[in-house]
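For the single chain, residues carry numbers from 1 onward in sequence order.
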Amino acid sequence: MAKDISRRNFLKALGGGAVASSALLAACKDDKQTATVQREPEKGKMTYRVNPNNNDRVSLLGYGMMRLPDKNEGKDPSTGTGEMDIDQDMVNRQVDYAMEHGVNYFDTSPAYCQGKSERATGIALSRHKRSEYFIATKMSNFAPETWPREESIKMFENSLKELQVDYVDYLLLHSIGQGKDALGMFNSRYMDNGILDWLVEQKRKGRIRNLGFSYHGDVKIYDMLLKWHDEGRYHWDFVQIELNYLDWNYANEINERNTDAVYLYGELKKRGIPAVIMEPLLGGRLANVPDAIVAKMKQREPEQSVASWAFRFAGTPDGVLTVLSGMTYMEHLRDNLCTYSPLKPLTDEEQKFLMEIADDIYSLKTIPCNDCKYCMPCPYGIDIPGILTHYNRCIKEGNMPVIEQTSDEGQADKANRLVNSSTRNSSAESEYRRARRAFLIGYDRSVPRLRQASHCIGCGQCVDHCPQGIDIPKEMQRIDKFVETLKQDV
């Protein structure tokens, strides 16, 4: 697969917006997003992009309603039920605050927040004039029982009901390209049942204003849908892709089932299809980078949060309509509003700097989990995101026990083979013991023992649901083996 836009040519692809400049941004305080200076974002300063299809004036910051505040957060000690109790008052306050500061694009799905996101979103937005916001939702008919035509139609009609609207501004075919048989899955969900044609008809009736799709997985499906667009078979008003400075060139190297953002963006740009950006922070991974990388960013821009670098990257390219952020906390919202009120586009030199940061992060070999929880619930109670997040956190914080590397081992084996105690000097031995203790204690604190990797039976039900294409059973087996080796190395 050829890459149409190289690193060097990135800024050329951004268009005139990359040349523009504005006053330096002061980042807002946010523990999650590593900011240092607290201030209120200014009202009336939001950057907007115009949808060329219908002249919608869309806020560059879009509100992703996927990680809404949960009253039950942290109240799941051992059973793993994890039933959400959305804090509607907080959702209302955050939506109000976002709209006061210019945000007008809200993205949800029947699948988000255990099926509760659309209702919470509808309650919050219905308190405002319908003309003041754009709402995006999805045809999230993943389960076979939703594939029959009448069931998929019922899903769409329920979305309108939950959202308390007569029409959807932006409707997406949700997460096309997933699964081992991506084409078969696509056909079952949208073609064999005639639902794609039905959605086109709903657009003609005005119940859908823009029709597009979100992409994860098999690039052949992505290319097929864009070919249909070229041929006039189906017209895509917008496409939602994963784009961030790590995935720009490394998505496929991290996981061969993923596609580099440089290609995804380039294919949309040359067709003039507006891009909606998801995962600008890779599920928070680019806001919680290792301390050494934080230091490099802070040395360059002490006033900016770590997260703001990623959001500036995602918002700079020409043709990006909006950048989605799942803002659970008010601090997230404030920081992102500061970044986009207004946007300070990346310079060529800053782009080069972020590519160096991407090289540094890639060299860590973390597991590409975005904590989206699409893999949950596990039928055997395994806390998959919790396990992967703990593993990555230990790498980030320097709490990964020192390993031995040999040239004939694969990366997965390298990441799990400990240095034999007889080969470690006293300093290395002390550091190893510290890291070993931190890893094991942190593991038990983060993940209840009945939900740890040792209980995975390898059924594989989670695999097709992972947007990042992680071989989850393989990772569970690898981490469990790693943990057992640590326990035995006394």
Side-chain angles (χ1 to χ4, degrees), residues 1-6 9-10 12-17 49-56 58 136 138-139 141 152 168-179 181-243 247-249 251-252 257-278 314 317-324 467:
M1 178 178 63
K3 294 181 179 179
D4 295 280
I5 306 176
S6 68
N9 292 330
F10 173 78
K12 294 180 182 179
L14 303 185
R49 296 280 169 80
V50 176
N51 184 336
N53 296 313
N54 53 22
N55 294 320
D56 283 348
V58 179
K138 305 173 180 72
M139 178 57 70
N141 55 348
S152 292
V168 174
D169 297 284
Y170 291 81
L171 192 284
L172 301 94
L173 312 183
H174 196 180
S175 199
I176 65 102
Q178 279 193 238
D181 180 14
L183 180 59
M185 176 75 78
F186 177 82
N187 287 334
S188 294
R189 292 176 62 191
Y190 302 119
M191 304 307 295
D192 298 341
N193 56 12
I195 282 299
L196 179 51
D197 288 331
W198 185 84
L199 292 173
V200 171
E201 178 63 25
Q202 301 314 298
K203 182 184 173 185
R204 280 196 286 264
K205 293 179 178 179
R207 304 180 78 205
I208 298 170
R209 295 184 62 245
N210 296 272
L211 183 61
F213 63 88
S214 64
Y215 162 76
H216 289 286
D218 191 341
V219 73
K220 293 191 294 294
I221 308 300
Y222 184 81
D223 291 339
M224 180 185 78
L225 266 61
L226 292 185
K227 181 180 179 183
W228 288 357
H229 178 89
D230 296 339
E231 296 170 347
R233 181 174 176 182
Y234 292 100
H235 175 81
W236 307 115
D237 300 302
F238 70 109
V239 173
Q240 188 165 305
I241 59 172
E242 184 171 306
L243 185 150
D247 281 336
W248 186 253
N249 282 298
N252 185 251
R257 289 176 59 186
N258 291 340
T259 308
D260 291 348
V262 63
Y263 178 81
L264 302 177
Y265 167 75
E267 291 300 295
L268 299 182
K269 180 174 172 56
K270 70 185 183 184
R271 291 172 171 84
I273 300 175
V276 172
I277 304 306
M278 58 182 163
D318 180 48
V320 167
L321 184 64
T322 190
V323 179
L324 301 177

Do the side chain of R189 and the main chain of N141 share a donor and acceptor less than 3.5 angstrom apart? yes

Does either side chain, that of N54 or that of N210, offer a donor lying less than 3.5 Å from an acceptor on the other one? yes

Please confirm whether the backbone N or O of E267 pairs with a side-chain atom of R271, one donor and one acceptor, at under 3.5 Å? yes

Sorted by chain and number, sequence neighbours left out, side-chain hydrogen bond (donor to acceptor under 3.5 Å, both in side chains) with N55 holds for none

Heavy-atom distance under 4.5 Å between the side chains of N53 and P274, does that happen here? yes

Partners passing salt bridge (Lys or Arg N to Asp or Glu O under 4.0 Å) against D218 (at least two apart in sequence or in another chain): K220

Would you list the pairs meeting side chain to side chain donor-acceptor pair (under 3.5 Å) in which at least one residue belongs to residues 196-205, sequence neighbours left out? D197-Y234, E201-R204, Q202-R207, K203-D237

Run the salt bridge (Lys or Arg N to Asp or Glu O under 4.0 Å) test against D56 and tell me which residues pass, sequence neighbours left out. R209

Partner of W236 under ring-ring contact (aromatic ring centres under 6.0 Å, His included), chosen from Y222, Y215, F213: F213

Flag side-chain contact, heavy atom, 4.5 Å: V276 against L324: yes

Could you tell me which residues satisfy side chain to side chain contact (heavy atoms under 4.5 Å, CB included) with A251, sequence neighbours excluded, listed by chain and number? D247, N258, D260

Using side-chain heavy atoms (C-beta onward) and a distance below 4.5 Å, is Y263 in contact with D223? yes

For Y170, check ring pair (Phe, Tyr, Trp, His ring centres under 6.0 Å) against everything at least two apart and list the hits. Y105, F238

Looking at side-chain heavy atoms only, is the closest gap between L172 and Q240 below 4.5 Å? yes

Has the side chain of S175 got a donor or acceptor atom that lies under 3.5 Å from a matching backbone atom of H216? no

